[in-house]
Protein chains: 2
Amino acid sequence: MMNRLTRKLEAFGPLPDADKRLLDEIIRDARSVKPRTDLIREGETPNDVNLILEGFACRYKMTPNGTRQIVAYLVPGDFCDLHVFILKAMDHTIATLSQCQVVKIPRPRILALMERPAIARAFWWAALVDEATLREWLINVGVRTAEQRVAHLLCELLLRLETVGLTNGDTYELPITQAELADTVGLTAVHVNRVLQRLRGDGLITLKGKNLVILDVARLKALSGFNPNYLHLSDQNGLPEQSV
Amino acid sequence: MMNRLTRKLEAFGPLPDADKRLLDEIIRDARSVKPRTDLIREGETPNDVNLILEGFACRYKMTPNGTRQIVAYLVPGDFCDLHVFILKAMDHTIATLSQCQVVKIPRPRILALMERPAIARAFWWAALVDEATLREWLINVGVRTAEQRVAHLLCELLLRLETVGLTNGDTYELPITQAELADTVGLTAVHVNRVLQRLRGDGLITLKGKNLVILDVARLKALSGFNPNYLHLSDQNGLPEQSV
DNA sequence: CGTCGTCTTGAACTTGCTCAACAACCGTGG
DNA sequence: CCACGGTTGTTGAGCAAGTTCAAGACGACG
């Protein structure tokens with residue numbers, strides 16, 4: 001089974017075997033990180049890049065009034081910040097949400113990888129997709145209703161987790177509390193709770209503990225106006241699932 | 001007087017004179033574009049990069065229900081898309097808001113510029129600031145009140161326009177309708193109107209036609225919780241204004 | 001001088017929030 | 001194995017921010 005990073009990058013295009021071997025080396029000595037642990041804080045200047053191998057992490061920012069906005073989810077195969085090197089200081093914080101496996105990749109190793117044309121292109125692709133996702137999230141909180149926001153997020157995660165082999169049909173593990181979901185889609189935890197119940201009531205999903213089942217993907221996509229183009233997958237319909 | 005692009009890039013760090021001359025050459029033969037004109041549409045694959053020299057443009061996306069969300073403003077000195085080359089298709093549309101002066105820079109010229117280390121670094125810096133701005137906008141619509149959203153946007157534009165020499169003290173030209181402002185901050189035009197009146201009533205701004213005067217920058221920043229760190233300017237307080 | 005877009009105002013309405021209480025769940029230690 | 005405490009999820013009722021619809025005023029420009 002391919003490692004998550006390679007799987008993700010190959011969603012853009014195939015990589016030479018030599019490159020894949022390099023990527024395999026990188027993900028040695030991962031460390032385990034507890035849930036709700038800051039990996040890099042706003043204001044810091046990290047000298048290495050974190051790569052998530054297991055679990056969910058996020059980028060977030062606090063506002064003066066004490067509210068939190070999560071601005072990105074980081075799932076297995078995602079880099080925390082590929083090009084922090086250029087900027088003096090982080091303008092946001094990165095933290096784990098669930099229990100995670102994380103690798104710290106030192107700057108020189110990243111630069112070495114960037115020498116490989118196929119890898120360099122794949123890295124840029126990943127960075128551009130991150131930005132496109134940010135735009136889509138802005139649209140989510142900007143114009144969509146509460147139901148649509150949650151539904152859209154669930155659709156996005158289905159595709160993203162699919163590309164790294166973490167789905168089983170239309171089922172995946174969502175190790176996120178409703179409060180965290182709320183901080184993501186710009187709603188309160190109470191309201192997210194009611195939204196989830198309506199989605200359940202409409203026969204769109206089941207969500208028990210961390211186990212999410214999307215019962216009717218087509219309807220969930222239609223409801224949220226989901227269009228996967230912003231993820232820039234070569235196969236726009238998502239990869240055919242090779243089950244576990 | 002330096003050209004807008006050079007001014008912007010030097011907000012990151014000084015450029016060699018030879019590089020500046022190259023940047024001057026690029027901005028020849030600009031063309032004039034009417035307001036509300038699409039420059040690149042969702043789905044297209046452009047072969048050149050647009051650079052805004054005068055006026056305001058934006059990135060936006062439509063949702064199935066016919067609402068529009070503006071996800072970025074492009075002001076003089078801003079590139080429309082520096083690295084579209086990697087992706088197959090645009091996932092959003094770019095359009096002018098006001099009358100604009102725009103240059104089309106063909107792909108090979110961009111690649112030639114990227115050979116210059118100082119320019120390459122400055123380009124990446126600009127791209128990263130774009131992404132950071134997107135995060136801040138997500139926070140804007142995610143957690144801030146209507147007043148704060150508008151106030152924050154006005155503070156951001158003050159700094160951005162200051163770095164390209166388009167402010168006069170705390171005054172600048174804002175060639176944007178209230179409806180467009182609404183599509184930017186995730187409110188209705190009616191409500192934006194009421195918010196602006198409250199900001200006027202509180203002695204924070206005047207806005208007559210396209211002429212914006214910020215009467216009390218400190219209070220406007222405090223109100224919106226504005227922190228300029230995400231713009232990653234070398235001088236975090238904004239450049240000292242060298243008036244026109 | 002009329003027309004079209006933009007701005008302004010009012011009043012009813014709706015979505016999502018706040019506050020508060022309670023239930024279900026999970027890991028820990030006795 | 002059960003009791004306990006803390007976190008997460010659920011429910012209700014009142015409230016507030018922002019929306020919707022509709023009409024009128026202003027202003028720029030032919």
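Residue numbers start from 1 in every chain, and the chains themselves are labelled A, B, ... in the order their sequence lines are given, proteins ahead of strands. Values below: all heavy atoms of this structure, side chains included; hydrogens, waters and symmetry mates excluded.
Note that CD1 of A/Ile70 is 3.5 Å distant from OG1 of A/Thr184, once rounded to the nearest 0.5 Å. Taking CG of B/Leu166 as the reference point, atom OH of B/Tyr172 lies at 11.5 Å (rounded to 0.5 Å). Atoms CG and CG, on B/Leu51 and B/Leu53 in that order, are 5.0 Å from each other to the nearest 0.5 Å.
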B/S/- along nucleotides 14-30 of chain D (protein heavy atoms under 4.0 Å) is ----SBBB---------
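A/Trp137 and A/Tyr73 have their aromatic ring centers within a separation under 6.0 angstrom.
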Tabulate below the donor-acceptor pairs under 3.5 Å that side-chain atoms of residues 127-135 of chain B make, not counting sequence neighbours, or state none.
unit_1   : atom_1 : unit_2   : atom_2 : d
B/Glu131 : OE2    : B/Arg135 : NH1    : 3.4
B/Thr133 : OG1    : B/Val129 : O      : 2.7
B/Arg135 : NE     : A/His92  : ND1    : 3.3
B/Arg135 : NH2    : A/Asp91  : OD1    : 3.3

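Residues that satisfy the salt bridge (Lys or Arg N to Asp or Glu O under 4.0 Å) test with B/Asp170, not counting sequence neighbours, are absent from this structure. B/Leu204 meets the side chain to side chain contact (heavy atoms under 4.5 Å, CB included) test with B/Leu199, B/Asp202, B/Asp216, B/Arg219, B/Leu220, B/Leu223; sequence neighbours excluded.
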- List the steps, then state whether side-chain hydrogen bond (donor to acceptor under 3.5 Å, both in side chains) holds for B/Glu42 with A/Asn229. CA-CA 10 Å; B/Glu42 188 170 346; A/Asn229 68 346; 3.0 Å; yes
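Of all nucleotides in DNA chain C having an atom under 4.0 Å from a heavy atom of chain B, the first and last in 5' to 3' order are C/dT6 to C/dA11.
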Dot-bracket for DNA chain C, 5' to 3', Watson-Crick and G-U pairs with both distances under 3.5 Å, [ ] for crossing pairs, | for partner on another strand, reads ||||||||||||||||||||||||||||||
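A donor-acceptor contact closer than 3.5 angstrom links the side chains of B/Asn3 and B/Thr6.
To the nearest angstrom, C1' of D/dT8 lies 15 Å from CG of A/Leu97.
Between B/Thr96 and B/Lys34 the shortest heavy-atom distance is OG1-O, 2.7 Å.
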